[in-house]
There are 2 protein chains.
Amino acid sequence: MRDAGQKENTGRTGVTKGRTDEFQGGGSTVDAARGRLTSLADVARRAGVSITTASRVMSASPHPVAADTRRRVLQAADELDFEPNLVARGLVAHRTSMVAILVDDLTDPAAALVARGVEDDAFEHGFSVVVGDTDGDTAKQVAYVRKLRAMRADAVLLATAAADGGANREDLMRQLRQVEGGGGVIVRLGPNGATPSDVAWSRRDVFDLAVGHLHALGHRRIALLAGHGRGGHTAAVDACRSAIEALGLALPPKHVVTMGAADSAAAMAQAIDALTPEVTALIATSDASAAALMAALQARGRRIPAELSICGLGDLPVASMVSPALTTVRLPLRESGRVGMLRAREVLDGGVSVKRTELPVELVVRDSTAPVREAF
Amino acid sequence: MRDAGQKENTGRTGVTKGRTDEFQGGGSTVDAARGRLTSLADVARRAGVSITTASRVMSASPHPVAADTRRRVLQAADELDFEPNLVARGLVAHRTSMVAILVDDLTDPAAALVARGVEDDAFEHGFSVVVGDTDGDTAKQVAYVRKLRAMRADAVLLATAAADGGANREDLMRQLRQVEGGGGVIVRLGPNGATPSDVAWSRRDVFDLAVGHLHALGHRRIALLAGHGRGGHTAAVDACRSAIEALGLALPPKHVVTMGAADSAAAMAQAIDALTPEVTALIATSDASAAALMAALQARGRRIPAELSICGLGDLPVASMVSPALTTVRLPLRESGRVGMLRAREVLDGGVSVKRTELPVELVVRDSTAPVREAF
DNA sequence: TTGTAGGCGTTATCAT
DNA sequence: ATGATAACGCCTACAA
């Protein structure tokens with residue numbers, strides 16, 4: 001979930017085409033200040049009714065309005081192409097119909113899936129979604145929540161990795177409390193770890209599935225390719241170790257390869273290569289890193305799964321686009337976004353607190369894992 | 001840019017873990033109506049000044065305020081953890097500091113990159129970004145623009161594929177005109193085609209680069225793997241054909257394989273396979289589909305680039321994660337988002353019209369293309 | 001340097 | 001069934 005795919009530019013040639021000349025486009029010039037748009041007052045005047053009546057019609061108020069009057073208002077609105085000013089409406093309603101989803105990096109396929117899930121439910125129910133990238137930076141995250149508070153977002157969904165426990169951590173909690181104190185909803189999305197999420201999946205289940213699968217194939221010495229140090233790093237290592245130890249095996253530190261954001265896939269592959277054939281299988285904390293590793297390993301002449309079984313995490317699109325197709329544990333990414341948004345709405349119109357939910361994960365067996373070779 | 005990666009679940013086994021039990025979380029219960037947040041009035045009262053003075057301090061107004069008074073206001077604001085209400089501010093300013101980026105599907109890595117680029121610049125300049133997925137559905141796009149108009153978004157950046165020319169098309173244009181009429185900015189992002197984009201790259205350049213590269217390697221019969229029918233489909237085919245014909249070659253219809261959204265990568269591979277060895281090279285309109293095709297081809301025993309050279313499009317992360325690494329044409333995706341946002345800001349505070357820009361594309365040679373084999 | 005009055009576009013309250 | 005009036009929280013004149 002955390003490990004953004006390594007992008008290694010092994011390009012040997014660089015041919016550039018295209019220019020950067022700029023010329024005045026043909027668009028219409030616009031005033032710096034936004035011209036007055038048509039308001040309820042305009043509609044009311046044209047329909048020959050009071051603003052109040054126009055409002056009642058346009059806002060679908062339960063207040064009774066004569067059929068004929070309603071028709072006239074509707075027609076006037078249509079002729080004027082009137083669109084209610086949500087800003088003004090938000091001011092009086094203390095509700096903006098805007099929610100936010102905070103992720104580390106939208107460019108990470110996992111994050112995009114979560115955001116998409118949020119958007120799915122939001123669109124269906126008339127909410128707009130503001131997306132914020134924190135780049136794993138807690139300070140940036142604090143800045144975002146503060147801003148969201150300023151814009152009176154109805155809910156903030158957090159899908160960022162657990163923040164490092166720095167001083168910013170306290171600032172963040174304070175901001176979040178402020179949001180909640182003001183009636184805003186906070187929903188945490190992601191794997192259940194030290195701080196449980198509201199819409200979650202079990203990190204332990206994930207590794208039980210992966211490890212169990214490899215164990216069943218006869219693998220006894222399993223390595224772990226973990227993402228960059230930040231966020232869920234340690235939690236993932238711990239969960240994996242627990243799962244491995246539960247089967248009577250061990251995950252010695254030297255079998256844990258940490259992939260720094262800067263490390264190249266080639267360097268990773270070299271590190272892993274040094275572990276084989278002692279290690280016969282590997283679990284990567286993300287399909288993206290698994291795919292990158294696999295390609296680098298293949299470039300070094302290693303055959304997968306013959307010489308090393310690889311299991312990814314996430315079941316991202318890339319998992320089925322590589323060769324061999326990646327065995328992986330499917331994470332309810334998009335679904336968690338949908339459910340998170342649903343939970344937020346429940347609180348918003350029910351006044352209840354956020355209902356906690358644990359979504360199931362699933363093992364997806366493809367072609368990157370195989371029975372361990374008896375001898376070599 | 002359009003072709004979302006095919007996700008082919010070749011999973012042979014499905015083991016599920018985790019439950020969906022739901023229990024009341026420990027969060028604090030919140031009133032349905034948002035409690036009154038601290039306003040300027042509160043700050044003013046606590047600082048012993050008028051609301052106006054407090055406003056001047058908090059909004060960094062150029063109006064002079066005594067140093068001591070300013071200090072008191074700032075302190076009161078700090079103690080109250082005051083955050084200015086952007087909704088109210090937006091109502092009077094006729095500016096919301098909100099922009100929107102519309103894409104077909106955020107889950108498409110290319111779209112995510114564009115959105116990320118927008119977000120990069122937006123965050124730096126105090127704007128919030130609303131993301132909307134249209135799923136290539138013009139009606140949904142119209143609905144979105146209408147809503148954005150209602151929420152008085154300062155700008156709408158369009159990165160969706162060219163809409164089909166249906167009846168909705170006219171509706172869309174009308175909505176866009178309304179946005180512009182109201183002082184909103186519209187910026188089109190994407191390849192230059194029939195309707196030129198404001199921040200663009202040359203589709204023709206892209207194919208010239210790809211075709212030129214393959215031609216230089218000796219390839220004379222090149223196939224094209226095009227995305228699902230919608231959007232830039234035809235435009236891509238045309239541009240590719242032009243590029244090929246410019247070199248004295250041809251792109252007969254039978255060498256154009258269209259990938260329906262539902263078509264499996266395996267089906268694609270079969271279709272391509274039938275073209276070889278007559279065809280010695282292939283260009284895919286997206287790295288994602290190139291990667292999927294390559295994996296499927298490899299699964300059928302084909303060797304790449306020995307038997308078929310493959311050139312992708314985009315230089316998405318996946319391009320360097322597959323084996324062999326994909327030769328591709330880099331598209332200025334993230335950059336187009338940044339520049340698009342910049343252009344919007346220029347219009348917003350300059351009152352000028354959108355400056356058109358063409359960003360350069362670049363050939364990135366990796367390992368999926370090789371000189372054509374002399375004989376076979 | 002500070003404060004008062006009015007209004008941004010809507011909805012809610014209270015008449016009529 | 002309809003309408004006048006008062007907020008919502010802030011900013012911009014226009015005084016003092």
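Numbers restart at 1 for each chain; the letters A, B, ... are given by sequence-line order, proteins then strands.
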Which nucleotide, [options], lies nearest any side-chain atom of [X]?
X     : options               : answer
A:R89 : C:dT11, C:dT2, D:dG9  : C:dT11
B:T52 : D:dT12, D:dT2, C:dG9  : D:dT12
B:F82 : D:dG3, D:dC10, C:dT2  : D:dC10
B:H94 : C:dG9, C:dT11, C:dT10 : C:dG9
B:V49 : C:dG3, D:dC11, D:dT2  : C:dG3
A:A88 : C:dG9, D:dT5, D:dG9   : C:dG9
B:N85 : D:dG9, D:dA13, C:dG9  : D:dG9

### Query
Is the backbone N or O of A:G126 less than 3.5 Å from a side-chain atom of B:K147, with the two atoms forming a donor-acceptor pair by type?
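Checked: pair present.
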#### Entry: Flag, side chain of A:D154 to backbone of A:S97, donor-acceptor distance under 3.5 Å
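Checking the backbone N and O of A:S97 against the side chain of A:D154, a donor-acceptor pair under 3.5 Å is found.
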### Message
I need the CD1-C1' distance between A:I51 and D:dT5, as an integer number of Å.
### Response
11 Å
### Task
Starting from P on D:dC8, measure out to CG on B:L91 and report it in whole angstrom.
14 Å
Side-chain donor-acceptor pair present, [X], [Y], cut-off under 3.5 Å:
X      : Y      : answer
B:D104 : B:T134 : yes
A:R169 : A:T138 : no
B:S55  : B:T52  : no

### Query
Looking at C:dT4, does its base get a donor-acceptor pair with the side chain of B:S50 below 3.5 Å?
no
Are [X] and [Y] within salt-bridge range, i.e. N to O under 4.0 Å?
X      : Y      : answer
B:R343 : B:E346 : yes
A:D81  : B:R174 : yes
A:K140 : A:D133 : no

### Task
Mind running a 4.0 Å heavy-atom check of residues 59-81 of chain B against DNA chain D and sending the residues that fall below it, in number order?
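B:S59 - these, ordered by number, are the residues of the stretch whose heavy atoms sit under 4.0 Å from the strand.
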#### Entry: Strand contacts (DNA chain D) in residues 145-154 of chain B, 4.0 angstrom heavy-atom criterion
none
### Message
Looking at D:dG3, I'd like to know if its phosphate oxygens (OP1 or OP2) sit under 4.0 Å from a side-chain N or O belonging to A:T53.
### Response
yes
